[in-house]
Protein chains: 2
Amino acid sequence: MADDSNKTDQTVDFGVLNHLLGYRLRRAQMNFFSKFSEVCSDLGISPGLFAIIAIVERNPGLTQTAVAQALGNDRSAMVAAVDKLEKMDILERRPAINDRRSYALFMTQQGKAFFQTLNERVMEHEKIMASRLKNDEELEWLLNTLDVLSQ
Amino acid sequence: MADDSNKTDQTVDFGVLNHLLGYRLRRAQMNFFSKFSEVCSDLGISPGLFAIIAIVERNPGLTQTAVAQALGNDRSAMVAAVDKLEKMDILERRPAINDRRSYALFMTQQGKAFFQTLNERVMEHEKIMASRLKNDEELEWLLNTLDVLSQ
DNA sequence: TTTAAATTGTTTAGCATTACACCAATAAGT
DNA sequence: ACTTATTGGTGTAATGCTAAACAATTTAAA
């Protein structure tokens with residue numbers, strides 16, 4: 001009806017926004033981000049830090065830039081992150097054996113144990129969110145579809 | 001095999017990260033964000049600004065906080081955004097008729113035309129991304145699924 | 001009616017993220 | 001030997017998000 005008076009009713013028409021993948025993706029991702037923070041903030045771990053830990057845990061000895069490239073981050077952003085994780089005694093820098101410029105990243109003993117509990121929490125949260133889907137097949141389909149849209 | 005030597009091979013094992021919805025969502029959303037910027041940065045419109053315009057276009061007369069609540073933003077973040085959109089002559093603040101505290105937001109004449117071209121670009125980009133999916137049914141399913149994961 | 005509480009737009013500050021240019025040390029290619 | 005590329009690191013600017021505070025104003029309570 002598009003009258004020129006002020007809107008006082010509660011309903012808001014989202015129009016094209018409701019059919020845009022980008023907007024829906026943003027809402028879903030922000031929800032995951034806040035939920036993740038609720039679950040892991042007391043451990044001092046953000047989603048970004050968790051990603052770094054997960055990569056180093058599965059690929060011990062990677063250099064900082066290798067981790068940054070894998071995650072699509074800037075090299076410079078790794079410095080503060082690794083500094084923090086090193087101070088938290090989760091991982092450590094060791095001089096690379098064949099390149100005196102670079103460090104190789106390894107989990108500390110305590111870091112390995114820390115990742116266990118951290119991973120448990122994340123997987124628990126993941127299960128809760130995944131339980132909103134119909135079945136495992138739908139979850140697999142969603143993961144694949146998101147991957148298709150990521151390149 | 002988890003040897004203690006430095007990794008020199010190209011392949012990186014993403015481990016649990018590959019199966020986490022949050023990580024896949026983030027990658028997909030970041031891809032959409034950068035693609036959106038490529039398409040609309042010359043118009044000076046970010047995804048967040050587009051959302052505001054889309055809401056005001058469909059709901060003329062909403063107050064700033066009403067738009068903020070609809071989009072899940074903070075009221076304070078609206079100020080700079082509306083300032084910018086007002087300077088770009090896309091929308092305007094009018095004093096609310098029944099509340100001298102608040103402004104009602106309306107599209108300008110030029111703003112309506114601007115939204116036309118802006119919307120065309122966004123929908124074109126949307127079609128390209130959606131074409132990666134199998135069919136319209138899959139797109140609808142994805143939109144619904146993302147909505148389920150957004151609350 | 002008077003008073004207290006809530007709301008609106010706004011400003012400001014802090015925080016994290018991202019991007020970019022730059023640097024010294026080192027490695028690699030010619 | 002010499003040039004170029006790479007690595008970790010620093011600094012900086014822009015951005016987005018939160019939270020707190022504030023004056024003006026509205027609403028609710030007494």
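All values below were derived from every heavy atom in this structure, side-chain atoms included, with hydrogens, water molecules and symmetry-related copies excluded.
A straight line from CG of B:Asn73 to C1' of C:dG9 spans 15 Å, rounded to a whole angstrom. Rounded to an integer number of Å, the gap from A:Asn98 CG to D:dT6 C1' is 13 Å. Regarding A:Leu49, its CG atom lies at a distance of 11 Å from the P atom of C:dT18, rounded to whole Å. Computed from coordinates, the A:Asp74 CG to D:dT15 P distance equals 17 Å when rounded to whole Å. If you measure from atom CZ of A:Phe36 to atom P of C:dT17, you get 12 Å, rounded to the nearest angstrom. Rounded to a whole Å, the CE atom of B:Met78 is 12 Å from the P atom of D:dC17. Between the C1' atom of D:dG16 and the CD atom of B:Gln29 lies a distance of 12 Å, rounded to the nearest Å. Regarding A:Gln69, its CD atom lies at a distance of 7 Å from the P atom of D:dT7, rounded to whole Å.
Judged by closest nucleotide on DNA chain D, A:Ala66 is the one of A:Ala66 and A:Met30 placed further toward the 5' end. A residue-by-residue look at A:Asp99 and B:Phe33 shows that A:Asp99 has its nearest nucleotide of DNA chain D further toward the 5' end. Where B:Ser76 and A:Ser46 meet DNA chain C, the nucleotide closest to each residue was compared, and B:Ser76 sits on the side nearer the 5' end.
Regarding contacts with the backbone of D:dC17, a side-chain N or O of A:Arg26 is found under 4.0 angstrom from either OP1 or OP2. Dashed line: the shortest gap from a side-chain N or O of B:Gln64 to OP1 or OP2 of C:dT8 is not under 4.0 Å. In this model, the phosphate group of D:dG9 is approached by a side-chain N or O of A:Arg93 to a distance below 4.0 Å at OP1 or OP2.
Within 4.0 Å (heavy atoms only), B:Thr65 reaches sugar-phosphate atoms of the nucleic acid but no base atom. Counting non-hydrogen atoms under 4.0 angstrom, B:Arg100 reaches the backbone sugars and phosphates but no base.
Ring orientation note: the planes of B:His125 and B:Phe36 are nearly perpendicular, at an angle over 60° on the 30°/60° scale.
Looking only at atom types and distance, the side chain of A:Arg93 has a donor-acceptor partner in the side chain of A:Gln64 under 3.5 Å away.
Side chain of A:Asp13 to backbone of B:Arg58: no donor-acceptor contact under 3.5 angstrom is found.
Side-chain atoms of B:Arg101 come within donor-acceptor range of the base of C:dT7, with a qualifying N/O pair under 3.5 Å.
The A:Tyr103 side chain lies nearest to D:dG8 when the options are C:dT10, C:dC20, D:dG8.
Note: B:Phe106 CZ to B:Leu91 CG = 11.0 Å, rounded to the nearest 0.5 Å. Atom-to-atom distance recorded for B:Tyr103:OH and B:Arg94:CZ is 14.0 Å, nearest 0.5 angstrom.
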